[in-house]
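Only one structure is covered here, and it is reproduced in the block below.
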There are 2 protein chains.
Amino acid sequence: MPSRPASTTTSNRTRKRPEERRAEIVDAAAAIALDEGMERITLRAVAERLGVRPGLITHYFPAAEDLVVEAFTRASATERELFFPTGDRTPVGRLAHFVDHMERGLSAPLARLWLNAQHLSRFVPALDTALQQQDALDRERLRSIIVDGVASGDFGRPAGAGIAANRRGTEQTQLDVETAARRILLAVDGTGSYINSSAEVDPVQRGFVADVAEWTLGLAPGTLRATAAASADSAAPSA
Amino acid sequence: MPSRPASTTTSNRTRKRPEERRAEIVDAAAAIALDEGMERITLRAVAERLGVRPGLITHYFPAAEDLVVEAFTRASATERELFFPTGDRTPVGRLAHFVDHMERGLSAPLARLWLNAQHLSRFVPALDTALQQQDALDRERLRSIIVDGVASGDFGRPAGAGIAANRRGTEQTQLDVETAARRILLAVDGTGSYINSSAEVDPVQRGFVADVAEWTLGLAPGTLRATAAASADSAAPSA
DNA sequence: CAGTCCATTGGTCGCATGGCCAATAAGCGA
DNA sequence: TCGCTTATTGGCCATGCGACCAATGGACTG
């Protein structure tokens, strides 16, 4: 490791438009957050990824902590799109995709990031804020699916069981949608807690999100998994 | 902690039996883990709590990482007793205590520690192992309650819904106990994910563990909360 | 009481971090 | 083409970390 990387030759001084450079920095930090962890977002680490001197990062982010928060937001927002495709599927299909994506482990990087942020927000108040915002966005997406499903009659009686729902009072339909969305995301978080565990994934854990979703939405057990399988078949019909 | 000079003045050199000193160190580290976070377990921080020089910590823990792992195990094991009291209650009563203890927020320190460890185990393999062990111990306690409840007939038909349960095959009763235990702990973890959030606790979130427990154990919604309330009344009948 | 073991000290080293600052030069407008 | 703005560099500083080590002295043994 020479002090000056051989690959990027000496004096690579390229001057970029501030917005462009800034975006580059956030992207690099987001990449680090996803595959090394947020605490590895360091002035030197980010700078090295960009082939740039650490001082430059400070120039754009006088407080390094702000970069961490922005990197989280970026990474989180980007990964979300993989969960909620814009496809014009049925509500059950969209929910099945969501669950299936998780069960296949495709959401591992995001789950790790999420766990990372949940813990780190203990020490970084601004991160707590960002986390709540991202969480709200996820919940909104999920709510949207549920509302559609209720309207189409696919989701049985989300009114369903549970203390919390009864406790809320006021308007009934709207509130139960919120209850269902929150429960499903709580199940997601519960499953995500084990993302860093080396233990073999337990079947109960694997199916937990689907089970909770079917329970709270009044779907027949197995509906989501069956839907996901059917969807996969139609997408890639070859054996 | 009787022998603690007001200021860190005069050389208070007291020589203790190795086992005693070692226990002191682990206790101090566990305390730090609980109220400041595991990454704050540092040679200097632990030494300062004990009124001792950092080098002494190194003497007992040549690799600081080992102290972190041991501190987690200690803190976790200690806190667990608060969840599963040795009282001779009914299965429903024991489960209700467990849930109630959580809903009251009494488990906040443990939840924070747990979240901390779940993230940190990403970088500390030994911590991952310790975490799995502690998790197994929790699950064992819970399983014990469930088995008793099934035997007494308090828990309806834990066989119940869900894909995962069906998928397991083989013996039925035993496996569904495991399913229920895992589901409840997954709910606990999901709820715990929000432990560091400054947002107001949502009612759905607050009741999630109880809801999942009642769902997966075939209890009528509200049973656990009602039981906890009755138990509290009999314990403190005043007012 | 003298001698020995080892718990404990005090100090140092190398490393990584975030932050700060003056000097440089790239790109743009006059 | 010149000059100015400022993006970018290179360097330095204070802090906190784990690790290592020789010297000290407390407590126990003979």
Side-chain angles (χ1 to χ4, degrees), chain A residues 1-5 8-26 28-29 32-33 36-71 120 123-127, chain B residues 1 3-5 7-29 32-33 36-71 120 123-124 126-127:
Chain A
M1 299 189 182
S3 60
R4 246 14 184 107
T8 58
T9 59
T10 57
S11 171
N12 250 19
R13 196 174 207 169
T14 50
R15 185 194 183 105
K16 300 196 173 179
R17 297 190 352 265
E19 326 86 59
E20 184 186 356
R21 182 65 91 184
R22 186 185 167 92
E24 260 189 19
I25 292 174
V26 174
I32 293 174
E36 296 180 49
M38 290 200 274
E39 34 278 286
R40 297 270 221 266
I41 298 180
T42 186
L43 299 182
R44 288 165 178 83
V46 174
E48 193 178 359
R49 277 211 181 205
L50 296 175
V52 143
R53 309 265 70 197
L56 184 59
I57 313 299
T58 300
H59 177 69
Y60 285 92
F61 292 90
E65 201 176 270
D66 293 342
L67 174 56
V68 173
V69 175
E70 218 161 298
L120 206 57
F123 310 104
V124 184
L127 184 57
Chain B
M1 42 194 83
S3 63
R4 186 82 93 67
S7 54
T8 57
T9 54
T10 58
S11 61
N12 254 24
R13 194 174 208 168
T14 48
R15 184 195 181 104
K16 301 196 174 181
R17 297 191 352 267
E19 325 85 59
E20 185 186 355
R21 184 64 92 183
R22 188 187 166 90
E24 261 189 19
I25 293 174
V26 174
D27 282 341
I32 293 175
E36 296 181 51
M38 290 201 273
E39 34 278 287
R40 296 269 222 265
I41 298 180
T42 187
L43 300 183
R44 287 164 179 83
V46 174
E48 192 179 0
R49 277 210 180 204
L50 296 176
V52 141
R53 312 262 67 202
L56 185 58
I57 313 300
T58 299
H59 176 68
Y60 285 92
F61 291 89
E65 203 176 87
D66 293 342
L67 173 57
V68 173
V69 174
E70 218 162 298
L120 205 57
F123 310 104
V124 184
L127 183 57

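Throughout, a chain's letter reflects where its sequence line sits, starting with A, and its residues are numbered from 1.
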(message) Using side-chain contact (heavy atoms from CB on, under 4.5 Å), reason through Phe123(B) and Glu39(B) one step at a time and then give a plain yes or no.
(response) CA-CA 11 Å; Phe123(B) 310 104; Glu39(B) 34 278 287; over 6 Å; no
(message) Let's go through Arg22(A) and Glu19(A) carefully: what are the C-alpha distance in whole Å and the side-chain angles of both, what is the deciding distance for salt bridge (Lys or Arg N to Asp or Glu O under 4.0 Å) to 0.1 Å, and is it a yes or a no?
(response) CA-CA 5 Å; Arg22(A) 186 185 167 92; Glu19(A) 326 86 59; over 6 Å; no
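The heavy-atom pair separating Ala47(A) from Arg53(A) by the smallest distance is CB-C, 3.7 Å. Shortest non-hydrogen contact noted between Met38(B) and Ala33(B) is CG-CB, 3.8 Å. Minimum heavy-atom separation, Leu67(B) to Val46(B): CD2-CG2, 4.2 Å. In this structure, Phe61(A) and Val26(A) approach most closely via the heavy-atom pair CZ-CG2, 3.7 Å. Shortest non-hydrogen contact noted between Arg21(A) and Thr14(A) is NH2-O, 3.0 Å. Shown here for Ile41(B) and Ala29(B), the closest heavy-atom pair between the two residues is CD1-O, 3.5 Å.
Distance Glu39(A) CD to dC17(D) P: 16 Å, rounded to the nearest Å. Taking atom CD of residue Glu48(B) and atom P of nucleotide dG18(D), one finds them 13 Å apart after rounding to whole Å. Between Leu67(B) atom CG and dA19(D) atom C1' there is a gap of 15 Å when expressed in whole angstrom units. At whole-Å resolution of the value, CD1 in Ile57(B) and P in dC17(D) are 13 Å apart. In this structure, Arg53(A) atom CZ and dC21(C) atom C1' are separated by 16 Å, rounded to whole Å.
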Measure all distances between protein nitrogen or oxygen atoms and nitrogen or oxygen atoms of nucleotides 3-7 of chain C, and list the pairs falling under 3.5 Å.
from: dC6(C); atom 1: O4'; to: Arg15(B); atom 2: NH2; distance (Å): 3.3
from: dC6(C); atom 1: O2; to: Arg15(B); atom 2: NH1; distance (Å): 3.2
from: dC6(C); atom 1: O2; to: Arg15(B); atom 2: NH2; distance (Å): 3.2
from: dA7(C); atom 1: OP2; to: His59(B); atom 2: NE2; distance (Å): 2.8

(message) At under 4.0 Å between heavy atoms, how does the protein contact nucleotides 13-20 of chain C? Give one character per nucleotide, 5' to 3', with B, S or -.
(response) ----BBS-
